Each structure stands twice: as structure tokens, then as C-alpha cells.
Amino acid sequence: MKSLLKSTAPPAVRSLVFFALRSSISSTTQSSYSTPSTLIDDFTRFCYERDLGRAMNALASLQNHRIRADSITYSELIKCCLAKGAIEEGKQVHKHLYSDGYEPKMFLNNILLNMYVKFYLLDEARTLFEQMPERNVVSWTTMISAFSNVKLNEDALKYLILMHREGVMPNMFTYSSVLKACDGLETLPQLHCGIIKTGLDSDVYVRSALIDIYSKWGELDNGFLVFNEMATRDLIVWNSIIGGFAQNDNGDDALNLFKSMKRAGFPANQATLTSVLRACTGLVLLELGRQVHAHVIKEEEDLILHNALLDMYCKCGSLEDADSVFERMIKKDVISWSTMIAGLAQNGRTVDALQLFESMKASGTTPNYITIVGVLFACSHAGLVEDGWYYFRSMKRLFGIDPGREHYGCIVDLLGRAGKLDEAVKFIHGMEIEPDAVTWRTLLGACKVHKNVEIATYAAEQILKLEPHDEGTYILLSNIYANSKRWEDAAEVRKTMRDRRVKKEPGCSWIEVAKEVHAFVVRDESHPQIDKISRELNLLIQRISIMGYVPDTNFALHDLEGEQKEDSLLYHSEKLAIVFGLINLPKEKPVRIMKNLRICGDCHAFAKLVSKIENRHIVIRDPVRYHHFKDGVCSCGDYW
DNA sequence: ATTGACGAAG
């Protein structure tokens with residue numbers, strides 16, 4: 001009998017044999033209107049036709065008759081439950097399969113496991129896994145991938161070890177799942193070694209997972225090595241490496257690789273374009289971003305890609321485009337709304353940002369942690385202290401979100417910018433989270449705006465305790481001392497910088513003109529047009545001086561004497577970039593500039609006046625926010 | 001039967 005079961009007979013025959021087997025050991029009640037064999041036929045048909053309702057009825061009859069169908073048929077039924085999201089039905093099938101002391105085959109158990117995993121019923125999956133008499137590489141891999149998908153990294157890695165202990169060897173499926181669960185930079189090389197030892201590093205799936213995890217841990221060099229070693233690459237591997245560079249703020253290399261990919265003959269898909277957009281966002285390449293957009297509309301609407309588009313337009317300071325993309329989007333998720341809210345806030349459209357937050361709630365989309373960061377950011381950047389406090393206090397009650405570090409940071413910013421520095425300090429001391437360097441830096445920034453030397457010194461001390469080499473803190477502190485004419489203190493700070501070998505990052509500004517990116521560094525004279533730029537800059541300054549512009553030497557780092565100070569201010573990179581843009585861009589185009597450091601007050605005043613006399617729209621994006629200069633006014637309302 | 005890529009803040 002046993003050998004018959006293993007024969008190559010068609011499923012229906014095997015079921016009948018099985019029925020015969022079982023009926024001899026249990027008393028069955030036969031239905032008057034259908035024989036067991038037609039029951040099985042019906043059941044099989046319903047399963048293959050994906051008719052879940054009828055299949056479940058038939059399953060109940062089978063259960064009553066204590067009959068079993070073929071394993072393959074059951075696997076079809078489970079797939080059907082999965083496709084329809086029918087959790088309860090899936091559980092019933094499980095129960096049926098284990099009724100009467102019967103043990104399903106391993107492959108059927110694996111399918112059940114997979115079903116529980118896909119339904120995110122990890123406890124059920126675990127219980128089943130524990131009771132399975134036999135587990136093969138698929139069973140283990142299913143569990144491992146379940147764990148790594150929900151970030152239960154420790155469990156995923158633990159199971160990898162356990163499977164080794166049981167003598168089951170991982171395969172490429174296992175490795176590409178477990179890599180995601182890499183718990184830190186220590187586990188990654190170990191895993192990589194294991195992969196190389198088994199020779200599985202030749203698999204494209206494993207490779208792309210390796211590239212991905214290396215880039216997620218900021219080890220892009222290693223990711224690139226893996227990429228370079230590959231003899232054959234597919235689209236996803238290209239996307240992994242391009243995405244890796246884009247996410248690590250290396251837009252240049254991402255774009256170069258994108259070009260290589262096209263040369264290698266791979267057409268970009270939506271994931272590729274999303275990464276390219278992200279690279280454009282990072283580099284403020286609005287024109288290139290627009291070209292990508294032109295490709296995008298040809299494809300059917302992809303939510304992720306459109307969210308990236310939204311972000312690109314916001315971060316490139318083109319809110320008209322962002323608005324129109326947002327309005328036309330058919331589907332919007334929490335990321336679309338959050339992107340737009342934060343984008344409006346960063347670009348100074350605070351009221352619109354808060355209104356959009358209301359529309360979001362009205363649309364039925366639940367705000368999440370990041371949405372609230374954007375909302376608080378909007379309040380803090382507009383000085384809306386009351387509103388900010390309201391949202392902060394009620395976020396837990398209204399949205400069930402516990403305030404995190406970023407939210408606390410926004411409140412510090414809110415109080416600090418509004419000049420309530422003492423309150424901000426009190427707030428930090430009362431925080432439920434240990435303040436980190438970012439928190440203190442926020443306070444320090446506010447001290448600079450409000451010229452509060454005492455609290456600034458205190459904040460700087462806290463930062464330097466945590467990050468002794470933080471150049472920005474030294475610079476800010478020394479500027480604050482210089483502003484209050486405490487030259488000795490300022491000199492002391494710079495001495496400490498030298499002693500600790502902390503270097504000042506030079507100010508740098510970028511501008512895109514005719515598909516080329518031009519970078520300017522303070523007092524950099526290497527640009528081919530530098531003479532023309534200097535001449536124009538001097539002319540401009542003369543013209544705006546008549547309107548009352550006086551270089552604000554408070555923003556010069558060094559305690560130099562008068563004219564020299566003005567001189568170094570003159571060559572701040574954003575001034576060079578603005579002039580370059582004025583000269584080289586068509587009159588109707590806005591001058592868009594990106595800066596690596598925050599804009600200084602002098603350049604801010606300069607840009608306002610220039611926007612007026614030249615009648616130009618100037619947009620400057622610094623690492624935190626955007627300044628839209630138009631007709632002598634800035635969108636930030638001089639509050640930044 | 002089990003595997004890889006893309007989006008929001010700081």
C-alpha cells in the first residue's frame with residue numbers, strides 16, 4: 001500500500017487510495033447525495049477554480065466524512081486563502097490538515113508556514129514551526145525571512161545559527177533573507193564570509209542583498225566592490241547600487257552609475273527613476289529632475305516614484321510643480337502628505353502646511369511619527385509657539401504617537417527661536433529622552449539668533465562632551481563670542497580647534513546652469529568666470545549700498561579689522577553663486593542655489609536687496625530650510 | 001514551498 005501512495009498515479013487516484021486506507025480505520029458517515037469520490041472531485045475543482053466559498057464548504061464535507069484530499073489540492077486551497085486574504089479560512093484548513101492525528105507532509109507544512117508569515121501571524125507560524133517533525137531549508141528560510149521582514153533581527157540571526165546546528169545548510173534564499181537582518185557592522189563581515197565560503201555569492205539575489213545592506217550601513221565602498229566583482233548584472237542589482245549611492249547622499253556617483261547602466265543597455269524602471277530623483281533632490285538639480293519627470297508621466301502612476309517627485313520639487317524649491325504633482329496624484333499615502341507638509345514648511349508656507357495637515361486628517365489618512373515632525377517643524381519655523389505646543393501635547397492623545405527625539409527637538413527649536421531660551425533649557429532638562437548633540441545644537445543655534453552668550457556656552461559644552469570634534473559648534477561658539485566682542489574667548493575657541501585638529505568646513509554653494517553644476521567655495525578663485533563675477537559683485541554691492549546695504553560684519557568668523565572683515569564676507573560662496581546665476585541664467589528663470597552651511601545674515605540681507613533691484617526670484621536652500629527672495633522680501637520672514 | 005531594488009524628518 002505504501003508504495004502505491006508514492007507512485008506516479010494521478011492525484012485523483014491517489015486520493016481514492018488514501019480514502020480506502022483511512023476508511024478502514026475510522027467509521028465514516030456517508031452522505032446520501034454524493035459519494036466520497038465526487039466530493040473530492042468537487043473539492044479539487046473548487047480549489048483550482050479559486051472558488052474559496054465552495055471549496056470551504058467542500059472541505060467541511062470532507063471533514064465530516066473524514067476523507068482527505070491530495071496534498072497538492074490542499075496547497076492550492078491555501079494559496080487561494082492567501083490570495084484572498086482569508087485568514088480564518090486558512091486556519092480552518094490548518095485544523096483540517098491536523099485532524100484525526102494526521103500529520104501533513106513537510107511541503108504542506110511549509111506552505112502553511114508561509115501563509116501565516118504572509119498574514120503576519122508570527123506566533124502561529126512559530127507554533128507550527130516548533131511542532132513540525134521535519135524542517136528543511138525552506139522551512140527555516142521562511143521563518144528567517146519572516147523575522148527579517150518585521151525587523152526581528154535577533155530572531156532571524158538566531159534561527160540562522162539554529163539551522164546550522166540542526167545540520168541544515170542555508171542556500172541563496174536564506175542568505176538573501178538574513179542579510180536584511182544584519183544587526184550591525186560586526187555581523188555583516190561574518191555573514192559575507194559565510195556566503196563566500198559556500199560559493200553563494202555568485203547569486204544575483206544574494207549580491208543585491210549584500211550591496212543593499214552594505215549601503216544601509218554606510219559601507220558603500222564594500223557594496224561597490226561586490227557590484228564590481230559581478231560578471232552578470234541585472235536591473236535590480238543596478239538599482240541596488242544606484243539607490244545605495246543616492247541614499248548615502250552621493251548623488252554624483254548615483255547619476256554616473258545611472259549613465260553607465262543606460263550604456264550597458266538596461267532601460268530604467270520606476271525604482272531606478274526614484275533613485276535618480278533622489279539624487280537630483282540631494283544635488284538640487286531641478287532641470288534634470290524635470291527631465292526625469294517627463295519620463296515618468298509615460299508610465300502608469302507609481303506611488304513611490306510620485307512621492308520622490310514631490311520631494312524633489314519641494315527640495316528644489318519649486319512649489320508650483322510640487323503643488324501640481326500633488327493635486328494630480330490619484331493615490332496618496334501618508335508619505336505623500338508628510339512630504340508635502342514638510343516641503344511647504346521648509347519653503348516658508350507655514351499656513352499652507354498646517355492647512356494641508358487638516359486636509360490630510362479629513363481625507364482619512366492617519367498621520368504618523370514623521371508627519372508630526374513636519375507639523376512641529378512648520379510651527380517652530382514660523383514662531384507659532386502656541387500651535388506647536390498644542391500639537392506636541394496632544395499628539396499622543398490624538399494620534400497615539402509618543403513624542404520622540406525629533407519632536408522634542410522641534411519644541412526646543414520652537415522655544416529657542418522664539419527667544420524663550422530659559423524655557424528651552426528647562427524643557428531639555430525635563431525631557432523623557434536623554435538629550436543628544438542634535439538637541440543641544442538646536443539650542444545653540446537659537447542662542448546665536450538671540451545673542452545669548454551664557455546659554456550658548458552651556459549648550460556648546462554639552463555638545464563637545466558628546467562630540468568633541470564637532471566643527472560647527474566651535475564655529476558657532478566663536479561667532480557668538482565675536483558678536484559680543486569677546487575676542488579673547490573667540491580666540492580661545494579657535495585655539496582649542498587647532499589643538500584638537502578640528503577643521504572648518506568651507507562654505508560651498510552650487511548652482512545648476514545649462515545642465516552643468518557650478519560649485520563655489522568661499523574665496524575660491526578657480527572658476528573660469530571668477531573675474532567677471534567679482535566685477536559684477538562689486539557693482540551690485542555699490543548699487544545696493546545706495547539702498548542702504550551695509551555689510552554686517554557680525555557674521556565674519558574672524559576678529560579682523562573693518563575692511564578685511566567685509567572683504568571675507570564679500571566672497572561668501574552664496575554671493576558668488578547668486579552673481580553667477582544672474583549673469584548666466586535667462587532673466588525669467590529663478591536663481592536656485594544650494595548651500596552646505598546655513599546662510600548668514602549678511603548674505604540674507606544681500607539676497608533680499610538683489611532680488612529687488614534685479615527683479616529676480618532667488619531661492620537659496622541651506623541644510624535646514626529654504627529662502628525664497630522676491631521683491632526685497634524673504635519667505636522666511638527673516639525668521640530662521 | 002523560501003530570496004534582492006525605489007519615497008517623507010533629523
Side-chain angles (χ1 to χ4, degrees), chain A residues 71-72 75 78-79 82 105-115 117-118 135-146 148-149 170-180 200 203-213 215-216 233-244 246-247 254 268-279 281 302-312 314-315 333-343 345-346 367-378 404-410 413 436-439 441-442 623-624:
Chain A
S71 291
I72 307 278
S75 78
I78 296 170
K79 278 185 215 160
L82 246 178
K105 293 180 183 167
M106 175 162 57
F107 103 93
L108 211 43
N109 273 327
N110 282 343
I111 292 176
L112 277 174
L113 255 193
N114 179 45
M115 176 190 77
V117 166
K118 294 276 156 65
R135 294 177 282 225
N136 65 0
V137 59
V138 176
S139 333
W140 285 99
T141 304
T142 304
M143 289 310 286
I144 289 175
S145 103
S148 52
N149 280 336
N171 62 13
M172 58 271 255
F173 291 81
T174 322
Y175 277 124
S176 33
S177 300
V178 82
L179 274 168
K180 260 194 297 198
L200 291 169
D203 183 73
V204 273
Y205 281 75
V206 174
R207 292 248 180 181
S208 70
L210 269 170
I211 293 171
D212 195 46
I213 192 69
S215 79
K216 287 221 161 68
R233 304 181 179 121
D234 67 2
L235 179 60
I236 294 187
V237 174
W238 277 103
N239 286 347
S240 300
I241 194 73
I242 294 172
Q247 283 154 34
N269 69 0
Q270 294 176 321
T272 326
L273 294 183
T274 305
S275 292
V276 171
L277 277 173
R278 172 145 177 174
T281 309
D302 177 84
L303 184 59
I304 298 180
L305 184 53
H306 275 73
N307 287 343
L309 256 181
L310 273 184
D311 194 42
M312 185 275 292
C314 287
K315 295 245 165 70
D333 67 357
V334 61
I335 296 187
S336 327
W337 290 96
S338 308
T339 305
M340 208 52 205
I341 291 170
Q346 285 173 322
N368 67 11
Y369 187 100
I370 296 175
T371 320
I372 308 295
V373 174
V375 171
L376 294 177
F377 182 91
R405 200 176 284 293
E406 290 87 352
H407 303 109
Y408 282 106
C410 285
D413 197 43
D436 66 354
V438 178
T439 317
R441 241 191 305 272
T442 308
V624 184

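Just so we're on the same page: letters track the sequence lines, and every chain starts at 1. Just so it is clear, the model here is predicted, and its values are computed rather than measured.
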For [X], which contact category applies under a 4.0 Å heavy-atom criterion: base, sugar-phosphate, or nothing?
X        : answer
A:Val206 : nothing
A:Thr339 : sugar-phosphate
A:Asn109 : nothing
A:Val204 : base
A:Leu303 : base
A:Tyr175 : nothing
A:Lys79  : nothing

Grab the [atom1]-[atom2] distance between [X] and [N] for me, whole Å please.
X        : N     : atom1 : atom2 : value
A:Asn149 : B:dG4 : CG    : C1'   : 11 Å
A:Ile242 : B:dC6 : CD1   : P     : 12 Å
A:Leu305 : B:dA8 : CG    : P     : 12 Å
A:Ile236 : B:dA5 : CD1   : C1'   : 6 Å
A:Leu235 : B:dC6 : CG    : P     : 12 Å
A:Ile213 : B:dA5 : CD1   : P     : 10 Å
A:Asn114 : B:dT3 : CG    : P     : 7 Å
A:Trp337 : B:dA9 : CH2   : C1'   : 18 Å

Give a yes/no on whether any side-chain N or O of [X] is located under 4.0 angstrom from OP1 or OP2 of [N].
X        : N     : value
A:Gln247 : B:dA8 : no
A:Lys180 : B:dT3 : no
A:Arg405 : B:dA9 : no
A:Lys118 : B:dA1 : no

Return the minimal non-hydrogen interatomic distance between [X] and [Y], and the atom names on each side.
X        : Y        : value
A:Ser145 : A:Ser177 : CB-OG, 3.3 Å
A:Val373 : A:Cys410 : O-SG, 3.8 Å
A:Gly243 : A:Ser275 : CA-OG, 3.3 Å

Can you identify which nucleotide, out of [options], has its nearest atom closest to the [X] side chain?
X        : options              : value
A:Asn110 : B:dA1, B:dT3, B:dG10 : B:dA1
A:Ser145 : B:dA9, B:dG4, B:dT2  : B:dT2
A:Tyr369 : B:dA8, B:dA9, B:dT2  : B:dA9
A:Asp212 : B:dA8, B:dG4, B:dT2  : B:dG4
A:Asp302 : B:dG4, B:dT2, B:dC6  : B:dC6
A:Ala271 : B:dA9, B:dC6, B:dG10 : B:dC6
A:Asn239 : B:dG10, B:dA5, B:dA8 : B:dA5
A:Glu406 : B:dA1, B:dT2, B:dA9  : B:dA9
A:Ile370 : B:dT2, B:dA1, B:dA9  : B:dA9

Modelled atom types, side-chain donor and acceptor of A:Asn171 and A:Asp203, under 3.5 Å: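 No, no side-chain donor-acceptor contact under 3.5 Å.
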Results of ring pair (Phe, Tyr, Trp, His ring centres under 6.0 Å) for A:Trp140 - residues two or more places apart only: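 Checked A:Trp140 against ring pair (Phe, Tyr, Trp, His ring centres under 6.0 Å); matches are A:Phe129, A:Tyr159.
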A:Ser208 (side chain) and B:dG4 (base): donor-acceptor pair under 3.5 Å: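 Such a pair exists between side chain and base.
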N/O donor-acceptor pair, side chain A:Asp203 with base B:dG4, under 3.5 angstrom: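 Side chain to base: no pair below 3.5 Å.
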Side chain proximity check, A:Val138 to A:Asn114, heavy atoms < 4.5 angstrom: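 No. Closest side-chain heavy atoms not under 4.5 Å.
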Results of salt bridge (charged side-chain N to carboxylate O under 4.0 Å, His left out) for A:Arg135 - residues two or more places apart only: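 Residues passing salt bridge (charged side-chain N to carboxylate O under 4.0 Å, His left out) with A:Arg135: A:Glu166.
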